[in-house]
J.: 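Okay, handing you the structure first.
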Amino acid sequence: MINKVVSNADEAIKDIENGMTLMLGGFGLCGIPENSINALVKKGVNNLTCISNNAGVDDFGIGLMLQKRQVKKMISSYVGENAEFERQLLSGELEVELIPQGTLATRCMAAGYGMPAIFTPAGVGTEVAEGKEIRNFNGKDYLMEMAFDADFAIVKAWKGDTSGNLIFRSTARNFNPVMAMAGKITIAEVEELVEPGQLDPDQIHTPGIYVHRIFQGENYEKRIEQRTVRTR
Amino acid sequence: MINKVVSNADEAIKDIENGMTLMLGGFGLCGIPENSINALVKKGVNNLTCISNNAGVDDFGIGLMLQKRQVKKMISSYVGENAEFERQLLSGELEVELIPQGTLATRCMAAGYGMPAIFTPAGVGTEVAEGKEIRNFNGKDYLMEMAFDADFAIVKAWKGDTSGNLIFRSTARNFNPVMAMAGKITIAEVEELVEPGQLDPDQIHTPGIYVHRIFQGENYEKRIEQRTVRTR
Amino acid sequence: MLDKNGIAKRIAKEIKDGYYVNLGIGIPTLVANYIPEGINVVLQSENGLLGMGPFPFEGEEDPDLINAGKQTITTLPGSAIFDSAMSFGMIRSQKVDLTILGAMEVSENGDIANWKIPGKMVKGMGGAMDLVASAKNIIVAMQHVNKAGESKLLPECTLPLTGIKCIKKVVTELAVLDILPEGGFRLLERAPGVSVDYIKSVTAGKLIIEGEIPEMDV
Amino acid sequence: MLDKNGIAKRIAKEIKDGYYVNLGIGIPTLVANYIPEGINVVLQSENGLLGMGPFPFEGEEDPDLINAGKQTITTLPGSAIFDSAMSFGMIRSQKVDLTILGAMEVSENGDIANWKIPGKMVKGMGGAMDLVASAKNIIVAMQHVNKAGESKLLPECTLPLTGIKCIKKVVTELAVLDILPEGGFRLLERAPGVSVDYIKSVTAGKLIIEGEIPEMDV
């Protein structure tokens, strides 16, 4: 098997350069690549275009990169819960492209599946359709949406093996597998890195062929955005 | 949870009618819905269009339906190893549409993902491209291929629960999950049917929402087409 | 006149046995509390879950297990987890039987606006555009009038659209209405104690009243 | 002149450490036997497997575990199973580094014909059209001439095509040739004991000979 292990987040992201396009997995703060984001903040790389469903909160996740003004453009479906984000957006420092969530996910998948474009009805008749090709199939209109083209995809998995196979846990799966397929270079951070043979081949969510670098992350905070409970 | 259990293959296929289009999972003889095929043979329904990667062998799998002349048209990527098939094809009794294997799989997935069409480079410049729209993206030509439209998808899984969640085993997975997503009605036969909660939600290959009927099959022969071994 | 729970309770009656249902944020989330006994329903959360259960008991929150509103939740036996592409795949292929979501405006031809107010910070459409463009069966849960007292059931939406010709039914604190294929809100039921005339007075879009309008049974 | 194993052995030298490789049926399958020591390679089987291992020991055959040639096989530690859509997804997105397959004809501009002979029973293209249309790096393993003694390296293919302008390299029992972007078979190596003149005599397509042509090291 091919060994894809790097020692840590710093090494994994070392050739990410100013102006690049990154995909970052996660939904809200769930399943985000915490270690890699911290390393990007430390490295101080900037002018980034970030494709991520959300933009973190003020002091966690992509919010940390926004605070250091590393992000030129966010491509997301929902960007609430972030005062600094709002300030930069309203002042024109930050560009934002809002995309329907399913379109976002499917444009990632399209890249991973070598399909240059997909058709979706999401956004037909809305401002999302502006400038896009509309096509009717079986009496229904669809927008043609293009596959993403990202320099790096950075994802967070639960377990991974040294040859890059990934398993995600619960709803921390979300965008991670589709982004893992879509990066020109894909970096995976995992909670537990194991040897080949320790993961059941039938249970792999992302086959190692899609993953170029893998490392075991540390100190996962896994912050909860909306703690909701019921009483016993 | 929604209970989708039917008692056996006969009940599962009881409303499959002459002239319908069926998808049948499996690759070669691996992972084919043996019980359902036998029930279709017993029922004697005919004039079927079958979408399946292969057409079985003379005395097993879809070959059994061919022997009884139940199939009007096969849509497949590879149909060797079947003398009766060859006879019917050459005599004009059987129509055959050959499709690249990846196109076949992706047209199933497109149906399951609500995408009316996909783009693939497979077949550009060949007779497969005849009559199809060709489109250039980033300097490369692609064919536009349409999502399949099947009345029933019939798949074989290893384990399933009563709410229709499926887990496949090893390379018996193949076309089964993509076809399971694609049928207007999807029938799953499983080697072991369990109660909800007995399968790990993280390990489900086909979520139950895609499966309409499920039953525990019996007497699986699991015939091997090419037995290859090495000596110790 | 219904409160939010009343709206949720009325909508819950629209749910049939065996339905897969996607519930939006706000009033739609409350619908889960009123699903009738004996009705088997599976809740889909578009971040990648079928079989969403109630909130966890205190101390049992799992940061890896949230719903589309980013709330900590639980799973029920028989649940399944999948990625975001498959999640919207099943939405797009209409495997989800019923979608319930909130709105700022609905028009008499079924258009909906619920994601953007010009001049205000825009947070994004999330999965709403995918849901309204794909679902075969959408119910809007909302207040009949906005905070300024203006009708939210309009001849045409004034806010940027989320989707067109997609809404089939609206349940407000005052009424249940369906939207006819040829256009127009058809009044089906009124909330207890609410008069047809009052509903007329707060419905700006074309209102169709056929015969006696019964009170809701909630 | 090489036998089939010789062709496979020569092709194995093209495989680099860290490659994901898809091997077609026939001679390409034999390549797996000659992968050099110390070279880590993962074999992809397009029916849905990465990390294909050798045939099972007798009595350990698993009917659920086969390769694209429908042969019983094994998996190696670190393997992964996936469905057919993902399998061709990774092929289409060029994650597979090298594809090795057989051919009936190859043309000097890189066209390939390997699935259909008019008038004969057509079994189908299987995954070949997907592979040749998608792969960035394809080597054809085949005999230099057909059973009738005619060259299989042609100015233009005469049989129905599998793909166009896709083949980069050809290895036969006589020679290693690459196909230039502007067209033409460039002779790179000759099999032990085979003369350049002989290769010329059995190559119908444009043959480019630059300088001294070394013998293969097999």
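Throughout, protein chains are lettered first and strands after them, A, B, ... in sequence-line order, and every chain is numbered starting at 1. Note that this is a predicted model, so its numbers are computed, not measured.
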J.: Heavy-atom count check: over 12 atoms from other residues, nucleotides or ligands less than 6.0 Å from A:Glu221 CD?
T.: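 For A:Glu221, atom CD is crowded (more than 12 foreign heavy atoms under 6.0 Å).
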J.: Tell me, for A:Phe85 versus chain C, whether the close heavy atoms (under 4.5 Å) come from the side chain, the backbone, both or neither.
T.: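 Interface part for A:Phe85: side chain.
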J.: Any donor-acceptor pair under 3.5 Å linking the side chain of C:Asn47 with the backbone of A:Thr171?
T.: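 Pair absent, no side-chain N/O of C:Asn47 close to backbone of A:Thr171.
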J.: Just checking, is any N or O donor in the side chain of A:Thr106 or C:Arg92 under 3.5 Å from an acceptor N or O on the other one?
T.: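 C:Arg92 and A:Thr106 do have a side-chain donor-acceptor pair below 3.5 Å.
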J.: Based on non-hydrogen pairs under 4.5 Å, which of C:Ala68, C:Ser79, C:Gly59 is most in contact with chain A?
T.: C:Ala68
J.: Measuring from A:Ile99:CD1 to C:Met129:CE, what's the distance to the nearest 0.5 Å?
T.: 11.0 Å
J.: If we ignore hydrogens and angles and just use 3.5 Å, is the side chain of C:Thr72 paired with the main-chain N or O of A:Arg227 as donor and acceptor?
T.: no
J.: Enter the distance from C:Glu46:CD to A:Ser77:OG here, rounded to the nearest 0.5 Å.
T.: 9.0 Å
J.: With heavy-atom distances below 4.5 Å as the criterion, would you say the side chains of C:Phe88 and A:Met109 are in contact?
T.: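 The answer is no; the side chains never approach within 4.5 Å.
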J.: Step by step, would you call C:Met125 with A:Tyr78 a side-chain contact (heavy atoms from CB on, under 4.5 Å)?
T.: CA-CA 6 Å; C:Met125 67 291 279; A:Tyr78 191 83; over 6 Å; no
J.: Is NZ or CZ of A:Arg230 both nearer than 6.0 Å to the six-membered ring centre of C:Phe57 and within 45° of the ring axis?
T.: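 Yes, a cation-pi geometry.
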J.: Return the CD1 to OG1 distance between C:Ile112 and A:Thr126, rounded to the nearest 0.5 Å.
T.: 12.0 Å
J.: Heavy-atom pairs under 4.5 Å with chain A are the metric here; pick the option from C:Val122, C:Leu65, C:Thr75 that has the most.
T.: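 Result: the option with the highest number of such pairs is C:Leu65.
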J.: Using a strict threshold of under 4.0 Å (side-chain N to carboxylate O), is an ion pair present between C:Asp64 and A:Arg173?
T.: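 Judged by the 4.0 Å cut-off on N to carboxylate O distance, A:Arg173 and C:Asp64 do not form a salt bridge.
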J.: Quick check on A:Thr231 against chain C: is it the side chain, the backbone, both or neither that has a heavy atom closer than 4.5 Å?
T.: backbone
J.: Chain A heavy atoms under 4.5 Å from C:Thr162: which part of the residue, side chain, backbone, both or neither?
T.: backbone
J.: Provide the closest heavy-atom pair for A:Ser170 versus C:Ile81 in the form atom of the first, atom of the second, distance.
T.: O-CG2, 3.2 Å
J.: Roughly how far, to the nearest 0.5 Å, is CD of A:Gln226 from CZ of C:Phe55?
T.: 9.5 Å
J.: So does C:Lys206 have more than 12 non-hydrogen atoms from other groups sitting under 6.0 Å from NZ?
T.: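 It does not: C:Lys206 NZ has 12 such atoms or fewer within range.
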J.: What I'd like to find out is whether the side chain of C:Asp83 reaches to under 4.5 Å of the side chain of A:Asn174, using heavy atoms alone.
T.: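 With C-beta onward as the side chain, the pair stays apart.
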J.: Does any heavy atom of chain A fall under 4.5 Å from the side chain of C:Lys116, the backbone, both, or neither of them?
T.: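 Answer is side chain: those atoms of C:Lys116 sit under 4.5 Å from chain A.
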J.: Under 6.0 Å from the NZ atom of C:Lys16, do we count more than 12 heavy atoms belonging to anything else shown?
T.: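 Open.
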J.: Sort out for me which of A:Glu127, A:His205, A:Arg223, A:Lys140 touches chain C most, counting heavy-atom pairs under 4.5 Å.
T.: A:Glu127
J.: Are more than 12 heavy atoms from other residues, nucleotides or ligands located less than 6.0 Å from atom NZ of C:Lys165?
T.: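 It does not: C:Lys165 NZ has 12 such atoms or fewer within range.
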J.: For the candidates C:Gly89, C:Gly124, C:Gly48, C:Gly69, which exhibits the highest count of non-hydrogen atom pairs separated by less than 4.5 Å from chain A?
T.: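 Result: the option with the highest number of such pairs is C:Gly124.
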J.: Go through the atoms of A:Val128 and report whether side chain, backbone, both or neither lie under 4.5 Å from a heavy atom of chain C.
T.: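 Side chain of A:Val128 only, per the 4.5 Å heavy-atom cut-off to chain C.
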J.: Answer with side chain, backbone, both or neither: which region of C:Asp111 has an atom nearer than 4.5 Å to a non-hydrogen atom of chain A?
T.: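 Nothing of C:Asp111, per the 4.5 Å heavy-atom cut-off to chain A.
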J.: At a heavy-atom separation under 4.5 Å, does A:Asn54 approach chain C through its side chain, its backbone, both, or neither?
T.: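 For A:Asn54, the side chain is the part near chain C, not the backbone.
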J.: Looking at every heavy atom in both A:Gly125 and C:Leu161, which two are closest together, and how far apart are they?
T.: O-CD1, 3.6 Å
J.: What part of A:Arg232 gets closer than 4.5 Å to chain C, counting heavy atoms only: side chain, backbone, both or neither?
T.: both
J.: Below 4.5 Å, heavy-atom pairs only: which of C:Ala85, C:Gly126, C:Ala133 has the largest tally toward chain A?
T.: C:Gly126
J.: Quick check on C:Ala113 against chain A: is it the side chain, the backbone, both or neither that has a heavy atom closer than 4.5 Å?
T.: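 For C:Ala113, neither part sits under 4.5 Å from chain A.
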J.: Report which part of C:Val132 has an atom under 4.5 Å of a heavy atom belonging to chain A: side chain, backbone, both, or neither.
T.: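 When you check distances to chain A, no heavy atom of C:Val132 falls under 4.5 Å.
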J.: Quick check: are there more than 12 heavy atoms from other residues, nucleotides or ligands sitting under 6.0 Å from CG of C:Asp3?
T.: yes
J.: Nearest 0.5 Å, please: how far is CG in A:Leu29 from CD1 in C:Ile66?
T.: 8.0 Å
J.: Can you see which heavy atom on A:Arg169 is nearest to which on C:Asp62, and at what distance?
T.: NH2-OD2, 2.7 Å
J.: Select one option (side chain, backbone, both, neither) describing which atoms of C:Glu60 are under 4.5 Å from chain A's heavy atoms.
T.: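 It is the side chain, since no backbone atom gets that close.
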J.: In Å, rounded to the nearest 0.5 Å, how long is the span from CZ of A:Phe27 to OG of C:Ser45?
T.: 7.0 Å
